[in-house]
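Just so it is clear: chains get the letters A, B, ... in the order the sequence lines come, proteins before strands, and each one is counted from 1.
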Amino acid sequence: MSSLFASLGIAREALQAQQYALDVTQNNIANVNTAGYSRQRVTMSPGDPWVHIGYQVGIGVKIESVDSFRSRFFDHRVNDELQKQGEFAASSATLQQVEALFNEAGGAGLQASISAFFNSFSSLANAPEDISLRQQVIARGEQMGDQFRQLYEQLQAVQSQQDLAIADTVGQINYIAQRIARLNVEVQAARGSDTNILTLFDQRQQLLDQLAGLTDISYFETESGSVTVQSRQGTLLVAGDAVHAWEASQSPAGPFLEVYAEGSVITSSIQSGKLAGLLKVRDGGISAYLTALDEMAVAIVARVNQQHALGADLDGAAGGEFFIPFSPPAPGSSQGAARSMMVAVTDPSKIAAASPGAGPGSNANANLIAEIQNEPLLSGNSTNLIQSCGNLVFRIGLDTQVALDGVETQKYLLTQLQNQRDAEMGVSLDDEAVNIMKYQKAYEANARVINLIDSLTEDLLRLLGG
Amino acid sequence: MRVTESISYRNLIANVSTLNERLEQASQQVSSGSKLLNLHDGPAESAEMRLLEAQLSDIDQYQTNADNGGFFLQAADSALSSLNDLVTAVFTRGSAAASSYNDAQARSTLASEIRSLRDQILGLANAEVRGRYLFAGSRVTSPAFILSGDTATYQGDEEVNTVKIGDWLQVRQNLTGSGVFSPVFDAIEALVAALDGNDSAAIQPALGQVSETLATVSQARARLGVDLAKVQDSEIARLNQQLNIQTRKSHIGDADIAEAITRVGQVQTALEATLTVGSRIGQRNLFDYLG
């Protein structure tokens, strides 16, 4: 039954509804710069009508719901691309360190030291009996050994840094996983209570995005509202309130850290994110560069020693070892050869420049050793030493270029995707200004209605009271 | 598309960071003059650069070898030139002695003159250049010939050194004394023996022997001349090759400075414009007009 007081009730509900909408709008404005915040909106609906003498009469407005503009579609797309970005960013940062080691812009470097070493034998050929030229050969050999050793150790240092970074990253992954699990609990608790569940969703998505930068994940929301996170290969990380923490620890088989989940190694299954970037450069890139250096070193040491033994030294004796021979850790292995390249000859007169039986002025063997730089010793006897240097430089340059291009592409792609996501869920101050205007006007209008009802009530009381 | 403040700011940041990267790259190219600042700026070019550098260092080495080889060849050539004069002098003295107007006394005097010429020849045969005996083969640390009485004995060996003066070019660096000097010493030995013995019948054949060695000496000089010409010709080839490699290096490695400077200017302008526009983001919104 309609009455003045009922109208007052409608107006009061309406005031509250507009007030609430103003609060939500204000919250949007407050969070205009909050990362991961999705704008919220109030949905109002008319109150259930009642029937009065055959006519339906509305009983005002009620708050139906407060929703956020989260787009699951864009969330997933952004999340996917963040994983790739994490990978490229990590690998490009490391590869740039590596390529700087091989940049011979200053004239010093691997190729220069190899050329200088073999050309010192060619210099010796001009006057093989000259002790100072012989000393120069030893010095150039030592410089080349230093160069190999230095590059090798610098590469290994980068590899060890990667290992540390891998341990840190796994720690970060676990930390974020714990926070997601805690939010899962809060989301469940918030259901059906007054707590703003939308903010929890925003926070959780923010964490999922952070996690995506670190490793490859896929996630889905369960009916209870909690989110389950696992690696793309299906290794569980978060389910409900439980975290299945990963672990980075030394593998018994190799020199480096492996990633373990529930006791088994999952290292090779990690395909993107920062962790994958670190792992790929450590196990793929740098290992391959080290092997290339080792193979070159083994070839130089073995071939120079072989040819050196065929010559005669200043006293006519057969040549000994020029380099300290490499003792492989396993048959056929060249691992560590670049680190152990050392000149064995200390007495310059022991350099075998002469052909056997000839006098101290013979240069035949010096010429043959100098020529080794042009012999196809590597890659199945198809590549000489200088070409191998070039190939290594090419490979490092290309790997870095691919990673940097990936960073560039991901940056562009993510900007586009995040913009598209923001177009939907981001806060626009102009929109919110309009909303404030809208709700403020409605509030004013309802306040006037109350004023009107007040004066109507007074009129009525005056009439009744006479 | 609905444009929010966050989109504008994100785009601004992305654009400014891209432009800054380009600016950095262009200005580094200007200041370094190189467009291959990192291996990733051109992996294939960087690799080729290594090969070109190696070739240049080889060419430098060839140049050193050619200079050294040329020096020894010149020294040998000037020794042989003197040898030619001395052998001619020996022949002249010998011919004079052969004349029937000479008695034993006169012949003996000429013989001692010839011995003194022979000693000068020994000096040439044992020429020492930069501490090495030029004509001793590989036994460069001891004299090539030892004289005992009138007999000169070769102490060296038959080793001939070659040095590399081009990718596919080698040149002989020395000449062994046995081929040139031994016949000369033998002929002189025979001649002085004939003169000392006043043996008219032996003088003529000995003189013939001396004159034959003149041909040997000039053949040896001709051979040295060929080697020296090889050294000289190789220099031009090396310079050409060096120039080609330098050109190629510049082509793949040098920045186009004018273009890079223009690029710096363009990027700077774009950056300024972007920042100017960017500073206006959020400057005006509807709130400014609400009372």
Side-chain angles (χ1 to χ4, degrees), chain A residues 32-33 95-96 99-100 102-105 107 111-112 114-116 119 122-123 125-130 354-355 358-364 367 370 373 386-387 389-391 393-398 400-401 404 411-412 415 418-420 422-424 426-431 433-434 436-437, chain B residues 1-7 9-11 14 17-18 32 34 36-44 46-51 53-54 57-58 60-62 64-65 68-69 72 130-133 136-142 156-157 159 161-164 167 170 173-174 282 285-287 289-290:
Chain A
V32 66
N33 288 324
L95 286 168
Q96 279 182 291
E99 73 166 358
F102 285 84
N103 204 339
E104 299 194 22
Q111 170 270 317
I114 294 175
S115 287
N119 284 337
S122 190
S123 276
N126 288 309
E129 72 286 354
D130 186 332
S355 52
S362 163
N363 70 3
N367 275 336
Q373 62 178 317
I386 300 297
Q387 287 163 340
C389 262
N391 288 349
V393 160
F394 175 72
R395 189 148 71 179
I396 294 170
L398 190 66
T400 314
Q401 194 185 45
L404 284 169
K411 195 166 86 178
Y412 178 75
T415 304
Q418 284 169 332
N419 282 350
Q420 281 177 314
D422 275 3
E424 210 160 315
V427 175
S428 155
L429 289 178
D430 284 339
D431 285 4
V434 171
I436 281 193
M437 235 161 33
Chain B
M1 190 169 93
R2 184 172 168 271
V3 178
T4 67
E5 279 76 7
S6 61
I7 293 177
Y9 282 119
R10 182 177 298 114
N11 285 341
S17 111
T18 306
S32 71
S34 165
L36 294 178
L37 296 166
N38 305 292
L39 303 189
H40 72 255
D41 292 331
S46 301
E48 189 181 344
M49 215 55 148
R50 294 291 97 81
L51 304 189
E53 289 289 355
S57 107
D58 287 350
D60 281 349
Q61 186 61 47
Y62 300 151
T64 306
N65 296 355
N68 266 285
F72 286 121
R130 286 191 194 160
R132 54 180 4 214
Y133 288 94
S138 72
R139 304 206 178 135
V140 294
T141 47
S142 29
D157 59 18
E159 287 283 326
N161 277 355
T162 58
V163 287
K164 208 173 169 187
D167 281 338
Q170 299 195 333
Q173 187 202 29
N174 65 329
N285 60 42
L286 195 48
F287 283 106
Y289 302 95
L290 294 182

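- In this structure, chain A has a heavy atom under 4.5 Å from the side chain of B:Q173, while its backbone stays farther away.
- B:N174 and B:G137 make their closest contact through ND2-O, 3.6 Å (heavy atoms, listed as atom of the first residue, atom of the second, distance).
- Considering only heavy-atom pairs separated by less than 4.5 Å from chain B, the leading option among A:K411, A:Q418, A:Q373, A:E424 is A:Q418.
- Counting heavy-atom pairs closer than 4.5 Å to chain B, the top-ranked of the candidates A:C389, A:G426, A:G359 is A:G359.
- A cation-pi arrangement is absent between A:R395 and A:F102, since the terminal nitrogen or guanidinium carbon is not both under 6.0 Å from the aromatic centre and inside a 45° cone about the axis.
- Interface summary for chain B: among A:N363, A:T400, A:V393, the most heavy-atom pairs under 4.5 angstrom belong to A:N363.
- Taking chain B as the reference chain and counting heavy-atom pairs below 4.5 Å, the highest number among A:Q401, A:Q111, A:Q420 is found for A:Q111.
- Within the 4.5 Å cutoff, the side chain of B:M1 has heavy atoms near those of the B:I7 side chain.
- For the options A:I396, A:V427, A:N367, heavy-atom pairs under 4.5 Å to chain B are most numerous at A:V427.
- Put simply, of A:S115, A:S122, A:A116, the one with the most heavy-atom pairs under 4.5 Å next to chain B is A:S122.
- By the salt bridge (Lys or Arg N to Asp or Glu O under 4.0 Å) test, B:E159 pairs with no residue at all, sequence neighbours left out.
- Taking CG of B:N65 as the reference point, atom CG of A:N126 lies at 4.5 Å (rounded to 0.5 Å).
- Only the side chain of B:F72 comes within contact range of chain A, with at least one heavy atom under 4.5 Å from a heavy atom of that chain.
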